[in-house]
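To keep things clear, I will list the structure first and then write my remarks on it.
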Amino acid sequence: MMFDNRNQTFLTTFFLLGFSEDTMFQVPLFFLFLTIYVIALMGNLGIIVVRKINPKLHTPMYFFLSHLSFLDICYSSVFTPKLLEILIAEDKTISFRGCMAQFFFGCACVITEMFMLAVMAYDRFVAVCNPLLYTVAMSHKLCAFLVAGTYMWGGIGSFTLTYTLLKLSYCGPGIINHFGCEYSAILSVSCSDTSLSQLACFIVSVLSEACSLLIILASYVIIVVTIIKMPSKGGLRKAFSTCASHLTAISIFHGVVLLLYCIPNSKNSWLLVKVATVLFTVVIPMLNPLIYSLRNKDVKETVRRLISSKLHSHSI
């Protein structure tokens, strides 16, 4: 839908081409993404519930992990329902306001999760390097402050980028070669100068990525030095197991971020952009609960007790 003003055409809706234009793959992709989405929701909700019911998990690490799970639920729910809808529905349009809202919340979740992983790296640094004073150093007040800071910066960064997109003009035909309102996809349908928006995106992206990676690298360099100096193998093994899950999550998350940054800006790269976005929105939210729970005895024991109690109640 369009309207004219001073010979300039402005869009009120966008048409999403989706993940694949080939109808043969749309139904299999629908069931694949639906399955992953359901697993992601169940896994992340499971971590939040498990932390609530097990007093052993009322620690700073699981406090941050529950917020990471919350972010994964939010982020996957921003993009995946629309992805599933356009895979099977004939109407593949999204309103201008809906598109901007999707971008804002998606961008806020990504930036917030980026810094949440950095906060979790700092938490592991305190746990490994100063274990005797861990509960004192990572007080509830400090944890709440750190989490609030990540959400605040996520909101500020996302608002800045969304504001620059709202200032642009968008012309017909308004076809977005994507399954959602990703930044580069939105810019592709703009008919005005995008240099200011791109500059803002560059500043926010580099600042966020550089700061979060600096915190992570500094924390883990000190952790590695501390581990090397440990005299006992038992302490070394425990320290490594404490950090292994988090390092895996960081590697996957920032690996996908760097993949998006390294993709050349050309029409031939749209498939790679879509794949990278799917990894962000669908796959990573599913993997995080598996990464953090499979190696954790307390989480597995709580889940086992929860399932057995449910089965016992049904058998009575």
Side-chain angles (χ1 to χ4, degrees), residues 40 43-44 46-48 50-51 54 56-76 109-131 133-135 137-138 142-147 149-151 153-154 208-228 230 234-259 279-280 283-303:
N44 285 293
I47 283 182
I48 295 171
V50 163
R51 180 189 173 269
N54 189 346
K56 286 185 179 180
L57 303 181
H58 292 177
T59 62
M61 183 179 79
Y62 290 102
F63 174 71
F64 297 134
L65 182 56
S66 63
H67 280 279
L68 184 69
S69 294
F70 172 73
L71 287 169
D72 282 337
I73 291 171
C74 292
Y75 190 44
S76 60
C109 288
V110 169
I111 298 173
T112 305
E113 183 159 337
M114 191 178 292
F115 279 92
M116 192 66 69
L117 289 169
V119 167
M120 292 173 75
Y122 174 74
D123 172 70
R124 293 300 82 208
F125 153 70
V126 177
V128 173
C129 300
N130 203 356
L133 296 175
Y134 174 63
T135 53
M138 297 300 294
L142 177 62
C143 292
F145 175 78
L146 291 172
V147 167
T150 63
Y151 282 107
W153 175 245
S208 299
E209 184 71 6
C211 289
S212 61
L213 278 178
L214 185 63
I215 295 168
I216 291 167
L217 289 173
S219 297
Y220 275 102
V221 165
I222 300 171
I223 287 171
V224 169
V225 172
T226 304
I227 289 174
I228 291 171
M230 285 183 177
L236 192 150
R237 193 181 298 110
K238 184 178 180 181
F240 178 77
S241 65
T242 301
C243 303
S245 299
H246 186 237
L247 275 172
T248 305
I250 287 173
S251 300
I252 295 172
F253 182 87
H254 285 280
V256 176
V257 170
L258 293 173
L259 174 64
L279 290 174
F280 250 137
V283 179
I284 288 178
M286 178 195 69
L287 290 178
N288 279 344
L290 298 175
I291 291 168
Y292 284 102
S293 61
L294 289 177
R295 292 175 58 88
N296 192 291
K297 293 179 181 179
D298 290 326
V299 172
K300 288 190 286 188
E301 181 60 31
T302 305
V303 172

When you measure from the side chain of Asn54 to the backbone of Val50, do you find a donor-acceptor pair of N or O atoms at a distance under 3.5 Å?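 Not a single qualifying donor-acceptor pair exists.
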
Would you say Asn44's side chain and Pro285's backbone share a donor-acceptor pair under 3.5 angstrom?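 Yes, because the side chain of Asn44 sits within donor-acceptor range (under 3.5 Å) of the backbone of Pro285.
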
Rounded to the nearest 0.5 Å, what's the gap from [atom1] on [X] to [atom2] on [Y]? Could you check?
X      : Y      : atom1 : atom2 : answer
Thr150 : Met114 : OG1   : CE    : 12.0 Å
Arg51  : Leu65  : CZ    : CG    : 9.0 Å
His254 : Glu209 : NE2   : CD    : 5.0 Å
Leu117 : Leu247 : CG    : CG    : 10.5 Å
Asn288 : Ile252 : CG    : CD1   : 7.0 Å
Ser208 : Leu213 : OG    : CG    : 10.5 Å

Got a sec, which residues hit side chain to side chain donor-acceptor pair (under 3.5 Å) with Thr59, two or more places apart in sequence or on another chain?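 Thr59 satisfies side chain to side chain donor-acceptor pair (under 3.5 Å) with no other residue.
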
Quick check: closest heavy atoms across [X] and [Y], and the distance to 0.1 Å?
X      : Y      : result
Pro60  : Met138 : CG-O, 3.6 Å
Phe125 : Ser219 : CB-CB, 3.9 Å
Ile47  : Ser69  : CG2-OG, 3.5 Å
Ile222 : Cys129 : CG2-SG, 3.8 Å
Ala121 : Tyr220 : CB-CE1, 3.8 Å

Take Leu71 and Tyr151 through the side chain to side chain contact (heavy atoms under 4.5 Å, CB included) test and state the conclusion after the steps. CA-CA 10 Å; Leu71 287 169; Tyr151 282 107; 3.7 Å; yes

Which residues pass the ring-ring contact (aromatic ring centres under 6.0 Å, His included) test with Phe280, not counting sequence neighbours?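 For Phe280, the residues satisfying ring-ring contact (aromatic ring centres under 6.0 Å, His included) (neighbours in sequence not counted) are Phe253.
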
For the pair Asp72 and Met286, evaluate side chain to side chain contact (heavy atoms under 4.5 Å, CB included) and give the outcome as yes or no after the intermediate values. CA-CA 8 Å; Asp72 282 337; Met286 178 195 69; over 6 Å; no

Any idea how Phe63 and His67 line up, ring-wise: parallel (<30°), tilted (30 to 60°), or perpendicular (>60°)?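 Aromatic pair Phe63/His67 classed perpendicular.
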
Pair Tyr122-Val119, side chain to side chain contact (heavy atoms under 4.5 Å, CB included): steps then yes or no: CA-CA 5 Å; Tyr122 174 74; Val119 167; 5.6 Å; no

Crowded around Tyr134 OH? As in, over 12 foreign heavy atoms under 6.0 Å?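 It does: Tyr134 OH has more than 12 such atoms within range.
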
Side chain to side chain, [X] and [Y], heavy atoms closer than 4.5 Å:
X      : Y      : answer
Ile284 : Tyr75  : no
Leu146 : Met116 : no
Leu68  : Met120 : yes

Show, in sequence, the C-alpha distance, side-chain angles and deciding distance for Val126 and Asp123, and conclude whether the side chain to side chain contact (heavy atoms under 4.5 Å, CB included) test is met. CA-CA 5 Å; Val126 177; Asp123 172 70; 5.7 Å; no

